[in-house]
Every structure is written in structure tokens, then in C-alpha cells.
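To start, the structure under review is shown below, and the notes come after it.
Keep in mind that the numbers below use all heavy atoms, side chains included, and drop hydrogens, waters and symmetry copies. Both ligands and their constituent atoms are indexed starting at 1 by order of listing.
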Amino acid sequence: MGLQRYEFNQIRMGVDTPIVVYAAREEQAVRACRAAYSRITALEERMSDYRADSELNLLCQRAVGRWVKVSPELFYVLWRAQKLAQQTDGAFDVTVGPLVRLWREARRTGKLPDTAILSDAKARSGYRLMELSLRRRAVRLKTERMQLDLGGIAKGYACDCALRELRKHGLPRALIQMGGEIVAGDAPPNAPGWKIDLPDSPHGLFLKNGAVSTSGSTEQYVEIDGVRYAHIIDPRTGLGLTQLILARVRARDGITADSLATTAAVLGDPDAKRLERLYKGVQVTVSQVCFNHSGQPLNGSHGRLT
Ligand code: ADP
Ligand code: MG
């Protein structure tokens, strides 16, 4: 049976989302990928903090002081996030939403928030302010005006779900990328895996039934008074990370790789290595970003599919 390579690209969750599959017939590839993109759209509708009516944003309004039942998908992501927060003393923390909003404002205005505004946002952040009940599949928030933000975990999870959808449609040889997240199913025909080009690893890597995620200060940042603040928040300062750091994580699935890469960027070297002991089969590397003479990062970019 001759398998052909088919490649699609759409924007989801604000980023290019290429999907590559091997299929016997074009209609099969089209049908499967359409289902995979729809699955991601449905997750985006639940988990986006940009949409006023997302399940996530409605939860932030309704769950103050009372339990609110949520969808199984949202609960799973919050559960994994909360576990990681506890394991890392809040280096990973999806309650950083108010601080992320301040970062976005700083990017717009070129100014850091003043102290009072920053401490107000910090008071509304902190993973201990979010409670989860497995029995009720519900969430309760301890204070008003909290903002949950799944930007460090939802894309990886969405890739996992999309891959599952492709498998259901009979296409296990598939690859999905969303920004810094790459999730692979079975290898292409006659290949050891999907070849991923990474600027800092000369031979690239071959990925199958696994995920690789890159996080750091090279893609999204704002520079103020000569200091670079990345879009990853250091929950201790409440500001964007100022270390020029690049974290890469290989893991069995996208949700693990995505959330651990964000965490590794916050923890830095050598603390990030601790994650390898917490999560079996995970590989974490943290490096300093190097720049060429025109200020472009040499090892910065997300992986490229080839
Ligand atoms: P990318 O979005 O480029 O793939 P990441 O996976 O590292 O990068 O996610 C960064 C996003 O995670 C931020 O835009 C924000 O939404 C969220 N975030 C920022 N800081 C934290 C943190 N300390 N813990 C959890 N999520 C965070
Ligand atoms: Mg991440």
C-alpha cells in the first residue's frame, strides 16, 4: 500500500499549526485532518483566556468561593497544572493570569507596571488560591478577580488530542506542531522517526510517539531599559523572566513536554534537571541563548519540521 505525505497548515490558539500525515488517499488525509483541527478549535473555545466566553474565563468569574463543575478536558489540564505547581513550589503556575496581563500591557506601552499595581496582581495569583475536587470534577477559587492562563500547557495538550483524533481516523503516522510544541505519532514509512531540525543540535532529532517542546526568552519578549522580559512569568518577581534562557523538553506526550518546558525556563540550570526525576522518561536541557553579531539568537528558534 503506497502511503503519500500530506501537509496542512491552519492557525489555532494564535499560532501556525501544521499537521503532516501519511495516508493512502487524499480524501482520508483531508477528513482526518479536518477532524483534528476541529478538535483543537473545540479545546481553544474552552481554554482560551482571550475569549470572554471561554469555559476558562467563565470559570474565573463564577468559581469565586464556590465549586463549579468543569468539562473533563479542562479539569484534566488544571489537574496536571496543579500537580506540577505543587511539585515545583509554584514555578509553574496557571494562576499567573493577572501578571501575564500586566506583561502584555508592558509590551504595548514599553513601561513596567508600578509597584502597587504589581503587588495587587501578585495578590490575585498563586496556585494555592485554586482548589480542585476530583470527586466533583470541580474548581473553586479563593479570591476575586483571579485569571487562569493555560498558555504554558494547553497547546501541548491540544496536540495530544489532535494526534488521538488522527489515530481514530486510521492515520497513526502523523506530526503536529503548535508554536514551540511538536508532537509525533508513528514514524513515516521507512524512517526511524520524524526529522526535526533544531538550530542547536547539528543532526536534528528523530521523533516518534513522543513530544518535544521549546520555551524561553527568544520568541516573545519586551525590552525595557535594556532588559529583556520574556512572556514567561517568574512567579517570585511577578515579572517576565530576564534570564536569556532556552529550555527544551522531550517527553512521551505534548502536555508533559509543554508544561515542563515552561517550568524548566523558570527553574533554570541546574534546578530544571530535577524535573527528570519527577517525570519518568523525560529529558530536560536548559541552555543560555547565544546571539550572532546582528543580535539574532543562534539557538533560539522553535524546531522546524522537515
Ligand atoms: P509558548 O507559548 O511560546 O509555547 P510556553 O509554552 O513557555 O511558550 O508558554 C508561555 C505562556 O505560559 C505565557 O504566554 C503564559 O500564557 C503562560 N505562563 C507564563 N508564565 C507561566 C508560569 N510561570 N507558569 C505557567 N504558565 C505560565
Ligand atoms: Mg509550555
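Considering the Mg ion (ligand 2) as centre, the angle to OG1 of Thr262 and to O of Asp258 is 90° (10° rounding).
Polar contact check, Val96 against ligand 1: no nitrogen or oxygen pair lies under 3.5 Å apart. For the pair Phe92 and ligand 1, the shortest N or O to N or O distance does not fall below 3.5 Å. Residue Thr214 has no N or O atom closer than 3.5 Å to an N or O atom of ligand 1. Below 3.5 Å of separation, one finds an N or O of Asp149 facing an N or O of ligand 1.
Between the Glu181 side chain and the Ala257 main chain, no donor and acceptor come within less than 3.5 Å of each other. For Ser217 (side chain) and Ile245 (main-chain N/O), a donor-acceptor pair under 3.5 Å exists by modelled atom type.
Not a single heavy atom of Met178 lies less than 4.0 angstrom from ligand 1. Within the structure, the closest approach of Gln220 to ligand 1 does not fall below 4.0 Å when heavy atoms are considered. A heavy-atom separation below 4.0 Å is found between Ala91 and ligand 1. Using 4.0 Å as the threshold, Pro235 has a heavy atom nearer than that to some atom of ligand 1.
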Would you give me the side-chain donor-acceptor pairs under 3.5 Å for residues 164-174, sequence neighbours excluded?
| residue | atom | partner | partner atom | Å |
| --- | --- | --- | --- | --- |
| Arg167 | NH2 | Asn209 | OD1 | 2.9 |
| His169 | ND1 | Glu165 | O | 3.0 |
| Arg173 | NH1 | Ala187 | O | 2.9 |

Listing, residues 100-112 side-chain donor-acceptor contacts under 3.5 Å, not counting sequence neighbours, or none:
| residue | atom | partner | partner atom | Å |
| --- | --- | --- | --- | --- |
| Arg101 | NH1 | Gln147 | OE1 | 3.4 |
| Arg101 | NH2 | Asp49 | O | 2.8 |
| Arg101 | NH2 | Asp49 | OD2 | 3.4 |
| Trp103 | NE1 | Tyr229 | O | 3.1 |
| Trp103 | NE1 | Ala230 | O | 3.1 |
| Arg104 | NE | Tyr50 | OH | 3.3 |
| Arg104 | NH1 | Asp49 | OD2 | 3.2 |
| Arg104 | NH2 | Asp49 | OD2 | 3.2 |
| Arg104 | NH2 | Tyr50 | OH | 3.4 |
| Arg107 | NH1 | Gln220 | OE1 | 2.9 |
| Thr109 | OG1 | Glu105 | O | 3.0 |
| Thr109 | OG1 | Lys111 | N | 3.2 |

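For the residue pair Gln10 and Thr17, no side-chain donor N or O sits within less than 3.5 Å of a side-chain acceptor on the partner. Side-chain contact annotation: Ser287 with Arg248, donor-acceptor N/O pair under 3.5 Å absent.
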